[in-house]
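Quick notes on the structure that follows.
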Amino acid sequence: MKHLMTMAQPTKAMRRRGPPGIVTLAAMAVLAAVAPASAAKQARQPAEAVAQRQAGEPIMAIVSIKSQQVTFYDADGWILRAPVSTGTTGRETPAGVFAIVEKDKDHRSTMYDDAWMPNMQRITWNGIALHGGPLPGYAASHGCVRMPFGFAENLFDKTYIGMRVIISPHDSVPTEISHPSLFVPKPEAIAAVPRQADKLSLEAEEATRAADEAKKAASIAAKEAASLPAALRKLEQQKSRADAELAFADKMLANAKTDQARAKAEELKQKAATKAADATTLLDTAKAAAQPKRDAVAATKDAAKAAAARKTEAVKAATDAKLAGEPVSVYISRSTQKLYVRRNTHKPAPDGGGEVFDTSIEVPVTIRNPEQPLGTHIFTAMAKTDTGLRWSVVTIENGDEARNALDRITIPQDVWDRIGPTALPRSSIIISDEPLSAETNYRTEFVAVLSDQPQGGFITRKPTAPAMIASDDGWDNGGNGFGFFYQRDPYVQPANPRRQRGQYQYYQSTQPMQRNWW
């Protein structure tokens with residue numbers, strides 16, 4: 001009652017003041033109604049938090065679009081948490097699986113009027129990134145994930161190229177899991193990696209030198225033989241002229257009417273015969289001398305091809321041996337029914353953006369009941385254990401239960417044998433109904449988006465060009481690793497989706513790859 005009486009007195013005063021007082025009272029009422037709603041909205045906003053323990057190296061980040069929050073995890077659980085602002089309606093941040101592909105401490109947008117995006121950590125080359133920015137308490141970006149300025153600055157030096165970033169439409173957390181299909185490393189295989197890598201690197205260097213020498217020998221032989229056709233042609237022309245002169249002398253001798261003419265014709269014929277014989281001798285000698293040079297060209301060319309093949313095999317073996325010392329990422333797509341493997345080579349990309357990822361393994365995979373959804377599950381090796389690795393799983397799209405999804409997949413034995421024994425912490429296996437996005441290329445980890453979630457911020461950004469895939473002829477072997485790149489159709493996979501009549505239609509850009517779209 002006291003509250004009501006208190007409110008009544010200003011109301012009477014307003015009535016005495018006439019219409020202006022009423023307008024003021026109405027405005028106050030509106031503000032009073034809006035303020036609690038706004039306060040409630042702000043109250044629901046997550047707060048920054050730091051785990052009360054010593055943090056290890058971050059392994060993954062999970063962005064919850066529903067809660068507008070990002071959480072970073074190390075091997076033992078969450079370590080950092082902060083509110084975020086994701087994409088607004090029509091420019092939504094795509095939900096899916098990503099990884100950091102580039103970092104820029106003081107980034108300026110080339111799409112949005114030189115907007116400052118400090119401590120930028122790019123997760124797609126068409127312009128989706130984590131960065132510092134204003135947080136109004138709700139989704140408000142053009143597709144990026146804004147974090148508090150101070151949080152983004154403190155985080156910047158803790159992350160690394162290739163670190164997993166999971167964007168979930170709802171609240172997702174890692175839960176521990178064990179399963180026979182999750183890689184179990186062999187300590188002896190891991191211990192042998194450095195020694196094997198050094199051994200194969202030396203063999204690759206030797207094979208590279210031998211291939212270079214064989215190529216040089218083939219080049220010299222080819223140069224020496226290059227003048228043969230012209231020289232032989234000249235001698236053949238000389239012989240043809242000599243033969244023509246001899247034929248002319250024969251004709252003159254046959255037509256001679258007098259002894260004097262006959263004698264002159266005979267003398268001319270003798271000289272022509274001598275000249276023709278000399279020309280024939282010179283041509284036959286040149287042909288005989290040319291044959292060994294021709295044989296040398298063929299032999300050195302074959303030797304160069306064989307040496308190049310040995311170099312390719314040796315460099316590939318050395319590359320695989322070195323990559324065995326890196327965490328491995330596996331992506332299994334129900335859409336394409338393929339298994340893909342990626343490892344970071346830590347070599348700078350030739351165009352100056354990001355690092356090169358090895359993409360040499362891509363094989364068919366068997367999925368039981370492939371017509372039934374698997375969901376999207378990210379299995380991550382969090383840490384070593386006495387028996388192998390401790391794994392967690394994050395599910396961002398429901399389909400089958402995570403364990404059931406693993407049960408339905410048969411990983412090819414040769415792939416298991418190649419990467420399983422040396423699997424390290426931070427290794428991962430991703431199972432999804434989705435194909436890989438066309439944003440996946442030689443300088444990204446896996447990029448996959450959930451096709452049943454809004455992707456406005458992904459669609460409105462100019463897509464990158466078709467993937468440029470690193471050649472398989474090495475990784476930092478005497479400067480011969482990843483010496484060139486070539487285009488291919490990556491995985492027969494869709495590019496950025498556009499929703500039409502409730503369905504996603506896909507297109508793929510043919511524009512040259514560019515950087516800094518936003």
Side-chain angles (χ1 to χ4, degrees), residues 200-319 350 468-474 477-488:
L200 292 177
S201 290
L202 291 175
E203 292 179 3
E205 290 174 5
E206 180 57 35
T208 299
R209 283 194 294 270
D212 290 344
E213 291 173 1
K215 184 177 180 181
K216 183 178 179 181
S219 178
I220 292 172
K223 286 180 180 178
E224 290 179 351
S227 60
L228 289 177
L232 291 174
R233 238 183 351 260
K234 184 176 180 181
L235 291 174
E236 286 171 350
Q237 290 170 355
Q238 289 176 357
K239 183 179 182 301
S240 296
R241 286 194 297 269
D243 289 342
E245 290 177 7
L246 179 60
F248 179 74
D250 282 335
K251 186 175 181 180
M252 285 185 63
L253 182 59
N255 294 331
K257 303 297 184 181
T258 64
D259 292 343
Q260 183 178 4
R262 189 176 293 107
K264 185 175 181 181
E266 287 179 349
E267 181 181 359
L268 181 63
K269 178 181 178 180
Q270 185 178 4
K271 290 181 179 179
T274 301
K275 188 175 181 181
D278 289 344
T280 300
T281 300
L282 287 173
L283 179 60
D284 291 343
T285 301
K287 285 182 177 180
Q291 191 57 46
K293 293 183 179 180
R294 287 188 175 128
D295 293 342
V297 170
T300 54
K301 186 177 180 180
D302 290 342
K305 285 183 178 179
R310 288 192 295 272
K311 171 192 169 182
T312 298
E313 292 178 0
V315 169
K316 186 177 185 302
T319 299
M468 299 288 291
I469 307 299
S471 71
D472 289 336
D473 74 334
N477 288 289
N480 294 291
F482 293 98
F484 62 94
F485 296 85
Y486 62 90
Q487 290 190 354
R488 73 172 185 180

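Values below: every heavy atom of this structure, side chains too, minus hydrogens, waters and symmetry copies.
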For a quick test of reading the model, state the closest non-hydrogen atom pair linking [X] to [Y] and the distance between them.
X: A214; Y: A307; result: CB-CB, 3.9 Å
X: A304; Y: A218; result: CB-CB, 4.2 Å
X: A276; Y: L246; result: CB-CD2, 4.4 Å
X: V315; Y: T208; result: CG2-OG1, 4.0 Å
X: E224; Y: K293; result: O-CD, 4.4 Å
X: L200; Y: A317; result: CD1-O, 3.5 Å

Just verifying a value: how many Å separate [X] [atom1] and [Y] [atom2], rounded to the nearest 0.5 Å?
X: T285; Y: L235; atom1: OG1; atom2: CG; answer: 9.0 Å
X: T281; Y: K239; atom1: OG1; atom2: NZ; answer: 10.0 Å
X: K215; Y: K311; atom1: NZ; atom2: NZ; answer: 7.5 Å

Practice item. Give a yes or no on whether a salt bridge exists between R209 and E206, defined as a side-chain N under 4.0 angstrom from a carboxylate O. Key: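 A salt bridge links R209 with E206.
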**Study point:** K216/D212 ion pair, N-O < 4.0 Å
**Key:**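 No, this pair does not count.
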Considering only heavy atoms from C-beta outward, does the side chain of [X] approach that of [Y] to under 4.5 Å?
X: K305; Y: K301; answer: yes
X: Q238; Y: K234; answer: yes
X: E236; Y: R241; answer: no

Using distance only, find each side-chain donor-acceptor pair of residues 252-261 under 3.5 Å and give its atom names and separation, not counting sequence neighbours.
unit_1, atom_1, unit_2, atom_2, d
N255, ND2, K251, O, 3.2
T258, OG1, A261, N, 3.1
D259, OD1, R262, NH1, 3.0

